[in-house]
Amino acid sequence: MDAPEQADDGGDGPSLEGGYDPEAVESRWQRRWVDEETYAYEGDAERDPNTVYAIDTPPPTVSGSLHMGHLYGHTLQDFAARFQRMADGDVLFPFGYDDNGIASERLTEQELDIRHQDYERREFQELCREVCTEYEAEFTDKMQDLGCSIDWSSTYKTIEPRVQRISQLSFLDLYEKGREYRKKAPAIWCPECETAISQVEMEDDERGSHFNDIAFEVASDGTDRNEFVISTTRPELIPACVSVFVHPDDDENQDLVGEEARIPIFGHEVPIIADERVDMEKGSGIVMCCTFGDQKDIEWYQAHDLPLRVAIDESATMTDLAGDYEGMSTEEAREAIVEDLDEEDYLRDRWEITHAVGVHERCDTPVEFRVSKQWYVEILDHKDEYLEAGREMEWYPEKMFTRYRHWIEGLEWDWLISRQRDSGIPFPVWYCEECDHPIMADREDLPVDPLSDEPPVDACPECGHDGFEAEEDVFDTWATSSLTPLINAGWDWDADAEEFAMEKPELYPFDLRPQGHDIISFWLFHTIVKCYEHTGEVPFDATLINGHVLDENREKMSKSRGNVVAPDEVLADYPVDAVRFWAASAAVGDDFPYQEKDLRAGEKLLRKLWNASKLVDTLAPADPDEPDELEPIDRWLLAELDDAIETLTANFENYEFAKGRDRLRTFFWNTFCDDYLEIAKGREDNPSTQYALRTAHRTFLELWAPFLPHVTEEIWQAVYADGEERRVSESSSGESEPRDRLESIHTRDWPEPQGHEADLEAGETAMEVIGALRRYKSENQLPLNEPLETVSVFGPVGGFEDAIQNVMHVQNLDLLETEPEVTTEIASIDLDYSTLGPKFGSAVGDIDAGIDAGEYEIDDDGDVLRVAGEELESDLFEVERERTYSGAGEMLETDSAVVVVE
RNA sequence: GGGUUGGUGGUCUAGUCUGGUUAUGACACCUCCUUGACAUGGAGGAGGCCGGCAGUUCAAAUCUGCCCCAACCCA
């Protein structure tokens with residue numbers, strides 16, 4: 001745009017003509033916001049971190065397309081970002097992709113129908129980059145269709161060199177701090193992906209299997225028995241059997257302890273040992289320990305210093321230890337061994353079961369446990385500190401902290417960060433060929449790839465040898481994606497100052513970390529670990545945990561169930577603003593169903609806002625002067641508006657989007673549209689009403705802006721942007737080229753209460769009277785604009801007579817000084833239990849009974865109620881009277897007024 | 001198996017921490033109304049013993065215990 005005036009790009013510029021056309025309007029604004037960098041973070045390194053609002057968004061894993069979880073999560077963040085931007089200025093709302101690691105490798109394999117094993121590492125990495133780039137481009141398009149106020153100039157990919165450098169710096173720093181070690185130890189292993197994985201990547205899955213009762217011979221002669229039976233689901237592991245365990249309390253089998261067992265078929269002999277970790281309830285109560293079948297085997301292996309017998313290799317193929325079974329897969333070997341056991345009469349029984357099997361979450365392959373040399377981040381010794389860090393953050397909702405706490409309390413493994421994969425960030429490490437001493441890269445050289453780069457030394461500092469071996473492993477994805485606060489803040493090594501520094505220190509610690517409740521245990525946890533160890537600070541002030549979007553029957557969406565709703569399908573039928581209105585309906589942290597009718601509710605609201613704006617536009621000039629004195633009805637509206645601003649502000653500050661949304665909708669629809677606008681129709685020439693109308697309307701647009709960014713921008717630009725003083729948020733630090741930027745509603749200031757005071761009781765009563773008259777017309781099947789000849793009101797409605805008269809088409813309105821002629825009798829007595837209870841205690845029951853039975857008296861002036869032997873002062877009860885009106889016309893009652901229609 | 005969270009009209013939900021006697025709103029349903037924006041609107045109505053059972057209390061959707069159901073996390 002090139003004119004200082006509001007841009008009107010021809011026929012499809014902002015205008016209130018006709019109905020609201022979200023399809024055209026939304027994409028038009030989305031494009032302009034991106035093109036004009038409306039949401040760009042300005043940045044001011046001098047600013048206090050407490051006054052810059054920064055969000056650390058967990059970058060989506062590049063493994064597929066945008067789903068409802070992305071939509072919901074980002075929309076919630078956007079509510080916070082948009083509110084904060086208006087309320088407090090500069091906001092950083094960045095965006096990243098997590099495209100290094102197993103997930104994107106598997107995506108590449110699926111997409112191209114290839115196996116990574118068939119490619120050179122470089123080649124495969126190239127393919128990953130290509131596939132990811134395509135997915136990212138499509139994902140970005142779809143993200144921009146959501147209209148989130150993301151700063152698209154602050155984006156990153158976890159595989160890009162800048163991030164690789166940060167990730168390798170992080171590795172070096174933790175190594176120097178003594179927080180990392182390399183160790184040959186049993187690790188969880190995925191035979192399909194052929195890599196070690198961490199505890200969090202393993203999940204349980206119910207699988208069908210068999211229990212096999214296998215007879216073991218006793219090879220020594222300390223007992224009368226010749227054999228005993230062991231139940232196992234994994235007979236292929238018997239070549240790896242290194243011992244047999246019996247529980248110390250197991251009297252029946254105590255005779256076996258200290259003896260030797262001979263392994264069927266394979267013939268090797270193993271000791272029988274007592275250990276209380278045996279589950280006596282399971283199978284025969286006697287259990288074999290193999291290296292390794294499960295985690296308990298590892299514990300035993302370490303506790304009893306057992307030998308290592310590896311029968312299964314890294315691709316789940318039997319090793320030479322398995323003798324005749326060498327080269328078979330574990331499944332093949334299982335069947336073959338069972339058959340042979342049966343033939344040789346060792347198989348005593350076999351039956352089907354289903355049980356939980358640990359599988360790799362990325363490929364559903366049952367995991368193995370293998371001894372291998374891996375890098376670990378030590379975390380078990382800092383559990384208390386990480387727990388404390390979690391405690392220092394604000395949790396929205398609070399209850400989610402429990403999950404974090406339980407996760408930490410249950411930690412059993414240090415964090416394994418090396419992966420035997422092709423695509424990923426390499427460890428910046430070489431090893432001395434002679435003494436295995438690790439050589440770390442120099443900081444200034446990062447990022448490095450040891451496979452192609454040379455180590456920074458000519459000779460090993462330990463032994464002087466000059467040959468080195470490159471580390472082939474890459475970092476676990478989370479070793480990098482746990483650094484997002486540091487990536488966003490531009491963390492780097494300052495060589496001159498010899499310390500770490502941030503390019504944008506004002507961002508750190510971040511104000512908000514949003515994420516789903518399913519990844520508290522790893523993503524959030526790992527991020528806290530990394531950032532805390534690097535900076536000594538908790539990286540987030542607050543964390544916002546979003547729930548999951550379920551299908552319309554409240555069931556989890558899953559591809560296998562076929563109940564997945566894709567965001568693009570929804571957005572093809574409904575405006576984004578309507579989708580956002582739905583997204584705001586759930587309490588933060590709660591799972592909630594996707595229901596189409598909720599989107600229709602949002603659509604209705606957009607239409608209402610549009611139509612109300614049109615009406616306001618016909619009733620008052622865009623920018624009326626403020627009159628010296630507002631009339632009661634107008635002052636009442638603005639006082640109510642002040643109140644709404646106050647609650648809504650608090651709601652946004654506390655991430656109570658659902659509450660804010662409902663409060664605003666009710667006030668806008670019921671109070672403003674149904675009540676005030678109807679009244680305003682009869683007062684259009686009144687300067688007081690014109691001012692109130694426009695003030696309220698502008699404020700409504702601003703208050704709705706975080707929820708409904710498109711429709712509010714469209715109306716704002718159509719109605720107000722033109723006459724506004726130009727408010728371009730060019731930074732005061734003097735950017736050399738002042739850009740001609742859109743004065744978006746989204747960069748305006750959040751409304752503040754203006755301190756309007758009004759007789760709220762009179763306003764409330766007047767609305768009651770209007771409601772009563774509406775009910776009267778409805779019940780008498782009259783149109784709402786049917787004139788009423790004479791209406792008398794007894795009640796506090798002073799100052800609102802005109803309003804009542806106009807909106808209800810009352811020709812004569814009388815305010816009564818005294819209650820109209822009625823005969824009254826006591827209908828009921830309302831007790832104030834909250835003070836009555838504490839005062840009279842158990843007598844309350846008798847008082848209730850006495851009143852019900854009519855056994856009570858009230859003083860003539862109504863000051864004292866005598867019942868059940870007690871005397872109640874007037875503040876404890878209220879007498880409800882049944883009024884019978886015998887005068888002319890019909891009497892209507894409200895809570896605080898009596899109305900007579902003639 | 002252990003833990004966490006939740007269960008409120010037909011549906012989705014507010015209220016539960018901080019107990020107070022007519023339980024909030026929306027959608028759907030029924031009746032009526034074309035009022036100067038909106039009939040994709042407006043006014044009104046019906047519909048719930050707050051998962052079950054005990055307990056604490058003058059008083060429980062709300063606090064306590066047990067049970068049932070669901071989701072999630074961890075074995």
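Atoms considered below: every heavy atom in the structure, side chains included; atoms not considered: hydrogens, waters and symmetry mates. This one's a predicted model, so the numbers in the text were calculated from it and none came from an experiment. Every chain is numbered from 1 and lettered A, B, ... according to where its sequence line falls, protein lines coming before strand lines.
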(message) Pick the closest RNA chain B nucleotide for A/S842 and for A/K608 by heavy atoms, then say which residue is nearer the 5' end.
(response) A/K608
(message) Holding to side chain to side chain contact (heavy atoms under 4.5 Å, CB included), I want the full list of residues that pass it with A/D297, two or more places apart in sequence or in another chain.
(response) A/C289, A/C290, A/F292, A/D294, A/W300
(request) Summarise how protein sits on nucleotides 69-75 of chain B as a single string, 5' to 3': B when a protein heavy atom is under 4.0 Å from the base, S for sugar-phosphate-only contact, - for no contact. (result) --SS-SB
(message) My understanding is that only residues two or more places apart in sequence, or in another chain, count here; which of them pass side-chain hydrogen bond (donor to acceptor under 3.5 Å, both in side chains) with A/R580?
(response) A/D78
(request) Using the C1' atoms only, state how far B/rG15 lies from B/rG25, rounded to an integer number of Å. (result) 11 Å
(message) Let's test this: given Watson-Crick or G-U wobble pairing with both distances under 3.5 Å, identify the partner of B/rA60.
(response) none
(request) Write down the distance separating the C1' atoms in B/rA59 and B/rC63, rounded off to the nearest Å. (result) 13 Å
Between the protein and nucleotides 32-34 of chain B, list every N/O to N/O distance that falls short of 3.5 Å.
none

(message) Is the ring pair A/H526/A/W478 parallel, tilted or perpendicular, if the boundaries are 30 and 60 degrees?
(response) tilted
(message) With rounding to the closest Å, how many angstrom separate the P atoms on B/rC27 and B/rU35?
(response) 23 Å
(request) Hey, can you tell me if A/W582 and A/Y72 have their rings parallel, tilted or perpendicular (30° and 60° cut-offs)? (result) tilted
(request) Would you classify A/K399 as touching base, sugar-phosphate or nothing, given that sugar-phosphate means primed atoms plus P, OP1 and OP2, and contacts are heavy atoms under 4.0 Å? (result) sugar-phosphate
(message) Does this structure show an ion pair linking A/K399 with A/D590, if we count only N-O contacts that are shorter than 4.0 Å?
(response) yes
(request) Searching all strands shown, indicate the nucleotide that pairs with B/rA71 (Watson-Crick or G-U wobble; both distances under 3.5 Å). (result) B/rU4
Heteroatom pairs (N/O) under 3.5 angstrom, protein to nucleotides 24-28 of chain B:
{"unit_1": "B/rC27", "atom_1": "OP1", "unit_2": "A/K604", "atom_2": "NZ", "d": "2.9"}

(request) Please work out if A/E678 contacts a base, only the sugar-phosphate, or nothing of the nucleic acid, heavy-atom cut-off 4.0 Å. (result) base
(message) In whole Å, measure the gap between the C1' atoms of B/rC12 and B/rG7 for me.
(response) 13 Å
(request) Using both distances under 3.5 Å as the test, list the Watson-Crick or G-U wobble partner of B/rG41, or none. (result) B/rC33
(message) Please give the distance between the P atoms of B/rA46 and B/rU24 as a whole number of Å.
(response) 13 Å
(message) Taking A/D384 first and then A/R391, would you say they form a salt bridge - that is, a charged N and a carboxylate O separated by under 4.0 Å?
(response) no
(message) Partner lookup for B/rC66, please. Criteria are Watson-Crick or G-U wobble with both distances under 3.5 angstrom; report none if nothing qualifies.
(response) B/rG52
(message) If the condition is side-chain hydrogen bond (donor to acceptor under 3.5 Å, both in side chains), which residues does A/Y574 pass it with, not counting sequence neighbours?
(response) A/E596
(message) Check this for me, if you would: do A/R663 and A/E656 make a salt bridge, where the nitrogen-to-carboxylate-oxygen distance has to be below 4.0 angstrom?
(response) no
(request) Using the P atoms only, state how far B/rG3 lies from B/rU8, rounded to an integer number of Å. (result) 24 Å
(request) Output the residues of residues 653-661 of chain A in contact with RNA chain B, where contact means a heavy atom of the residue under 4.0 Å from an atom of the strand; sort by number or write none. (result) A/K659
(request) Just say parallel, tilted or perpendicular for the rings of A/F668 and A/F672, cut-offs at 30° and 60°. (result) parallel
(request) Identify, with sequence neighbours excluded, every residue that meets side chain to side chain contact (heavy atoms under 4.5 Å, CB included) alongside A/P22. (result) A/Y20, A/E26, A/P575
(message) Heavy atoms from C-beta onward define the side chain here; which of B/rU4, B/rA37, B/rA43 lies closest to that of A/K614?
(response) B/rA37
(message) Would you measure the distance from the P atom in B/rG10 across to the matching atom in B/rC49 and give it in whole Å?
(response) 8 Å
(request) Check whether the ring centres of A/Y720 and A/W716 lie less than 6.0 Å apart, and answer yes or no. (result) yes
Can you name the atoms? Protein N/O to nucleotides 16-20 of chain B N/O, anything below 3.5 Å, with the distance.
{"unit_1": "B/rG20", "atom_1": "N1", "unit_2": "A/Y833", "atom_2": "O", "d": "3.4"}

(message) Check for me whether A/R661 meets the cation-pi criterion with A/F707, that is, NZ or CZ under 6.0 Å from the six-membered ring centre and within 45 degrees of the ring axis.
(response) no
(request) Please identify each residue that fulfils salt bridge (Lys or Arg N to Asp or Glu O under 4.0 Å) with A/E678, with sequence neighbours left out. (result) A/K681
(request) Assign each of A/D848 and A/F592 to its nearest nucleotide of RNA chain B by heavy atoms, then name whichever residue's nucleotide is nearer the 5' end. (result) A/F592
(message) Taking any heavy-atom pair under 4.0 Å as a contact, classify A/G19: base, sugar-phosphate, or nothing.
(response) nothing
(message) Under 4.0 Å between a side-chain nitrogen and a carboxylate oxygen: does that hold for A/D275 and A/K296?
(response) no
(request) Look at A/D634 together with A/R683 and state whether they make a salt bridge at an N to O cut-off of under 4.0 Å. (result) yes
(message) Between B/rU11 and B/rG1, how many Å separate the two C1' atoms, rounded to a whole number?
(response) 35 Å
Donor-acceptor pairs are to be reported for all side-chain atoms of residues 865-877 of chain A against protein atoms at under 3.5 Å, with residues two or more places apart or in another chain.
{"unit_1": "A/R866", "atom_1": "NH1", "unit_2": "A/E871", "atom_2": "OE2", "d": "2.9"}
{"unit_1": "A/R866", "atom_1": "NH2", "unit_2": "A/D859", "atom_2": "OD1", "d": "2.8"}

(request) Not counting sequence neighbours, which residues clear ring-ring contact (aromatic ring centres under 6.0 Å, His included) with A/H406? List them please. (result) none
(message) So A/W582, base contact, sugar-phosphate only, or nothing? Heavy-atom distance under 4.0 Å.
(response) nothing
(message) I want to verify a distance call: between B/rA37, B/rG42, B/rA14, whose nearest atom is closest to the A/W669 side chain?
(response) B/rG42
